[in-house]
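First comes the structure, then the notes that go with it.
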Amino acid sequence: MATNHDTTPRSQNSRYRNLTFDWILGLILLLAAFLYGWQIWKAGSANAFYTAAIKSMTESFKNFWYGSFDPAGYITVDKPPVALWFMAISAKIFGVHGWSVVLPSVLFGIGSVYLIYRLVKPYFGTTAGRLSALAMTLTPIVVANSRTNNMDATLIFFLLLALLMLEKAITSQKLFQLLISFALIGIAFNVKMLQAFMILPAMYLFYWLAANEKWQQKLKKLTFATVSLLVFTLALPLSTDMTSASKRPYIGGSETNSLMELAFGYNGTERLLGQTTGTGGTFGGGMNSKNSNKKGGMPTGGKAPGNMKQGQGTPGGKKMTNMPGGNTGKKGGPGKMGTGGGGGGAFDIGTIGPFRLFQSSLGPQISWLLPFALIGLIGALAFFRDRRKRWYNLTHQQKQLVLWTGWLVPVYGFFSVASFFHPYYMIMLAPPIATLFGVGVTALTSLFKKSQRTDWKFYLLPLAIVATVALQSWYVFSYYPWLTWLILAAGLIIAITLIVVGYRSLAKPLTVAGIITILVAPTWWSLTPTIAAESAMIPTAGPSLLTSGQGSGMSGGMGSSQVNTKMLKYLEKHQGNAKYLFATSDSSTAAPYIIKTGKAVMAMGGFNGTDPAITLKKFKQLVKTGQLKYYYSSGRSGNTKIVNWIKKHATKVKTSLYQSSSSQNMQQGFGQFGTTGKSASTSKSTTSQKPSKQAGSKFNGKKSNSKMPANPQGGKRRMPSGSNEQHKPNQAAQKTTVKQKNNTKQPTGGMGSSGVLYDLTTIYK
């Protein structure tokens with residue numbers, strides 16, 4: 001089953017054998033291609049925040065290099081540009097489309113499945129490699145992430161590629177390959193910053209244990225490897241920070257216009273301790289019972305982002321329970337938000353603690369096979385032990401297990417206590433769980449065959465099956481109670497049969513039946529993003545995507561369908577020689593217009609609307625010189641000084657000039673629209689609907705088409721005039737029976753249809 005780690009050059013025949021095509025792996029890769037790539041042509045604008053940047057990056061090399069959000073090079077996105085480089089290249093070749101910006105993630109996702117196979121097979125056998133690759137393919141959050149233009153699929157690919165090069169460096173004892181391995185981690189840092197460093201302890205420990213060299217040589221090589229890591233990590237951030245601020249965009253998400261500060265602040269310590277920049281307080285999604293309020297809202301003492309009150313999340317001021325990101329169900333139970341869920345799907349990350357990843361907020365995205373992987377790890381360590389040596393003399397296979405455990409444990413620990421992240425970050429745990437599952441299946445099956453009933457190792461395989469189906473049954477119950485009992489019954493029958501009968505000849509078929517049983521539910525969860533054609537800003541997987549009729553992961557396609565076409569025509573007609581089409585507070589409002597027109601729209605405060613990217617003095621200068629003629633107030637938080645100055649001195653454009661009458665009732669925030677620009681309600685709606693169940697504002701585990709930035713809109717919203725009067729749904733409209741056909745187009749207006757347009761040209765006349 002397993003081969004020893006051999007540091008000698010391989011023979012020619014061995015090389016030829018390794019080139020033999022594995023048709024089962026080929027089928028797994030085809031399955032991955034289907035799950036990740038099917039219907040990506042319906043991606044709309046995918047994550048419009050990044051799609052707008054990709055559109056801008058295709059306009060000039062400067063925008064490309066820095067990852068500028070807008071064509072004018074005013075501000076960047078809140079991540080490094082490396083992942084966006086691949087997407088921008090794809091968009092440059094094929095044009096800016098939803099599928100073209102998602103295509104690199106699809107390819108990186110498929111590549112990661114192949115790399116898992118390449119990493120597992122040489123040490124644990126072909127069967128373990130195939131099972132690990134299959135488990136990676138069928139991890140729900142891997143599917144969801146690989147279908148969007150977020151950075152995570154790219155990050156995982158580079159991390160796995162770094163491990164492959166590390167294995168090669170140990171086998172060949174070549175320094176160059178070791179340098180490449182750590183350089184790839186440096187590149188991964190510039191994909192998603194400190195998240196890439198989570199596996200570094202495992203890499204250092206593994207090399208120290210596995211390299212067949214004297215300790216002095218190991219220390220020397222690791223020192224050079226660390227230098228390689230630092231060079232490739234810091235080259236881009238330092239060169240960016242050393243470039244004059246006047247010659248590059250402002251670094252979005254940072255407080256000091258620094259990429260280094262962005263890495264260690266917003267994308268660093270704040271992920272652990274809670275978000276503090278751009279919110280006026282600490283915002284963390286996960287809390288324990290001591291610091292969570294009764295309503296399950298924001299942490300005690302912290303402030304909700306934007307205009308959202310603590311304990312509020314919906315326009316009606318109701319708690320944001322049962323959001324899609326939490327894979328909420330129809331009957332509560334595991335579908336309910338964790339105690340500290342701070343804002344529904346985008347921020348529903350459960351309650352801080354050692355079992356957080358098993359909770360319903362995060363578990364249905366990643367933890368389906370985690371019990372089997374953990375028990376499989378124990379069994380594999382026992383199975384691959386060399387009893388002729390002391391326990392601390394590890395075999396080659398045990399050293400490999402140390403590598404994957406060294407990936408799993410720190411990442412598991414971080415997400416168990418971290419305060420600010422999104423559920424889709426769970427993709428970081430997919431490779432070690434998939435690997436330990438594949439290895440665990442082969443190891444536990446072998447232990448069962450070789451052990452007697454009096455040996456504790458005999459019971460590990462039945463225990464792994466029962467523990468796994470028990471957890472899966474809890475996840476499934478909210479949606480499919482009947483499936484719960486089927487999974488439980490099948491798992492228990494298989495486990496009891498294994499223990500009672502104990503025939504070695506039945507071990508393999510019963511194990512196959514057990515594996516099929518525990519793969520049924522995660523396979524269905526993984527299919528849901530593909531069936532729903534989801535390509536969302538906050539990717540998620542689960543049956544809630546299907547009940548809503550479209551992908552629901554927080555603004556799947558915030559593109560041209562969100563553009564107020566009447567306002568756009570007005571602005572283009574009056575833009576003249578102005579540099580910017582208009583300015584607005586945040587990127588969510590600006591993105592659709594950039595995607596549709598390719599023109600510069602100033603997202604004054606970046607993603608949150610609160611980045612200190614421009615001063616009032618500089619803004620006045622842009623207005624005075626005619627570079628900026630209009631400001632659109634969408635009701636979101638922004639630079640208070642500039643907004644107050646605009647409201648005091650600028651002239652409001654007559655509403656009839658940029659808003660159609662049909663758009664006046666489209667004022668339920670972003671929760672109105674789906675991924676394809678169709679009306680959110682595609683079926684008949686009956687009378688007297690509650691605000692939380694209005695068409696396009698479904699939060700009961702069914703649908704949320706809203707783009708959820710770090711400051712989600714909810715609770716008490718500002719009216720277009722900028723007042724603090726609470727926004728109330730149109731009660732009359734709620735009581736009216738609405739009949740809409742599937743091909744009904746939404747009214748003109750889209751995002752920001754309730755906002756106010758200001759003419760800045762009158763200020764200096």
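- With 3.5 Å as the limit, one finds a donor-acceptor pair spanning the side chains of W524 and Y480.
- More than 12 heavy atoms of other residues, nucleotides or ligands sit less than 6.0 Å from atom CZ of F358.
- You'll find the side chain of L498 reaches within 4.5 Å of the side chain of I465, heavy atoms only.
- In terms of modelled atom types and a separation under 3.5 Å, the side chain of T484 and the main chain of S473 share a donor-acceptor contact.
- Side-chain contact between W525 and P543 is present, with at least one heavy-atom pair separated by less than 4.5 Å.
- In this structure, a donor-acceptor pair under 3.5 Å is present between the side chains of Q365 and T540.
- Residue pairs meeting the salt bridge (charged side-chain N to carboxylate O under 4.0 Å, His left out) criterion with at least one partner in residues 147-160, sequence neighbours excluded, are D152-K192.
- Checked by atom type and distance alone, the side chain of T528 pairs as donor or acceptor with a backbone atom of G542 at under 3.5 Å.
- Using a 4.5 Å cut-off on side-chain heavy atoms (C-beta onward), V120 and V439 make contact.
- Annotation: W485, atom CH2; neighbour count of heavy atoms from other residues, nucleotides and ligands within 6.0 Å does not exceed 12.
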Could you give the side-chain donor-acceptor pairs of residues 423-433 under 3.5 Å, partners two or more places apart or in another chain?
residue, atom, partner, partner atom, Å
Y425, OH, R271, NH1, 3.0

Please output the side-chain donor-acceptor pairs of residues 375-387 that fall under 3.5 Å, not counting sequence neighbours, one pair per line with the distance.
residue, atom, partner, partner atom, Å
D386, OD1, R388, N, 3.0
D386, OD1, R388, NE, 3.0
D386, OD2, R388, NH2, 3.2

